[in-house]
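Below: the structure, in structure tokens.
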Amino acid sequence: MKKIIVFASGSGSNAENIIKHFAKTKIAKVVSVFTNNASAKVIERAKNHQIPVEIFSKTELLERNLLQKIQEIDPDLIVLAGFLLKFPDHIIEQYPHKIINIHPALLPNYGGKGMYGMHIHRAIVNNKEKETGISIHYVNEHYDEGGIIFQKNVLLTEEDTPETVAEKIHELEQKYFPEIISRLLEG
Ligand code: GAR
């Protein structure tokens, strides 16, 4: 049974979806959720599924202690699912091609610092984009620039608002993220 650690900073709907998906398979299991936000809804979601939660500060993310906690778990995959801090280089170096992120846009467009969540969906609507989508990619030392693993687009209309764009993205994420994680762990 392979081990997944999920990092999340907010609501955690992706984290919960991944937890639920792998609870039903023999491929892997989410063994821990790590968050930098002590009031994030992801904590409650993880606890509802009896998944241990590690809460750390922005400073602690950069310290050896957190790396040690990850190393004790010895994960096969680290999944960033709505994790909003820059992932530290010293952890990336220890886990080459074992850290992935989901981004709610078609990278390389709408990526980089400050581009997350509703900020992206508002920019998409303001720019009258005809489509958007999701990107699942490896994490490297630059924001949103690691190798793309998977992308899926969705068409937009003039009636779309940032909220409806968010719903369309949410649907794609729920459908494809667990599937791509499975594929990576089996491959
Ligand atoms: C997701 O849409 C994810 O793609 C996005 O944050 C949301 C988290 O939702 N990530 C980024 O914008 C990263 N740049 P969730 O907490 O409900 O899973």
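Quick note: residue numbers are just sequence positions, from 1. In each ligand, atom 1 is the first atom listed, and ligand 1 is the first ligand listed.
Taking only nitrogen or oxygen atoms, main chain and side chain alike, Asp144 does not reach within less than 3.5 Å of ligand 1. Remark: ligand 1 and Tyr116 share no N or O pair separated by less than 3.5 Å (distance only, no angle test). The N/O atoms of Asn14, backbone and side chain alike, include one that comes under 3.5 Å of an N/O atom in ligand 1.
When atom types are taken as modelled, the side chain of Asn36 and the backbone of Phe56 share no donor-acceptor pair closer than 3.5 angstrom. In this structure, the side chain of Gln68 does not engage the main chain of Asn65 through any donor-acceptor pair within 3.5 Å.
Close approach to Ser11 involves these atoms of ligand 1, each under 4.0 Å from a residue heavy atom: 16 (O), 17 (O). Short contacts between ligand 1 and Met115, defined as distances under 4.0 Å to a heavy atom of the residue, involve ligand atoms 14 (N). Each of the atoms 12 (O) of ligand 1 lies under 4.0 Å from some heavy atom of Gly117.
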Apply side-chain hydrogen bond (donor to acceptor under 3.5 Å, both in side chains) to Asp76 and Tyr95, showing your working. CA-CA 9 Å; Asp76 297 279; Tyr95 294 94; over 6 Å; no
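Note on ligand 1: Gly12 sits in its first shell, one or more heavy atoms being nearer than 4.0 Å. Using a 4.0 angstrom heavy-atom cutoff, His119 does not count as in contact with ligand 1.
The nearest protein atom to atom 17 (O) of ligand 1, hydrogens excluded, is given as Ser13 OG, 2.6 Å; this is a heavy-atom distance. The shortest contact between atom 11 (C) of ligand 1 and any protein heavy atom is with Pro104 CD, 3.5 Å. Protein heavy atom in closest approach to atom 7 (C) of ligand 1: Gly82 CA, 4.3 Å. For atom 4 (O) of ligand 1, the closest non-hydrogen atom of the protein is Glu173 OE2, 2.5 Å. The protein non-hydrogen atom at the shortest distance from atom 14 (N) of ligand 1 is His103 ND1, 3.4 Å.
Checked for salt-bridge contact, Lys113 and Asp144 miss the test: no charged N lies under 4.0 Å from a carboxylate O.
Within 6.0 Å of NZ on Lys41 lie no more than 12 heavy atoms contributed by other residues, nucleotides or ligands.
At a threshold of 4.5 Å between non-hydrogen side-chain atoms, the residues Leu66 and Phe34 count as touching.
Minimum interatomic distance between Ser135 and Leu106 (heavy atoms only, all atoms of both residues): OG-CA, 3.6 Å. Residues Tyr176 and Ile134 share a closest heavy-atom pair of CB-CD1, 4.1 Å.
No continuous path of hydrophobic side-chain contacts links Phe7 to Ile18 [ILVMFWY only; heavy atoms under 4.5 Å].
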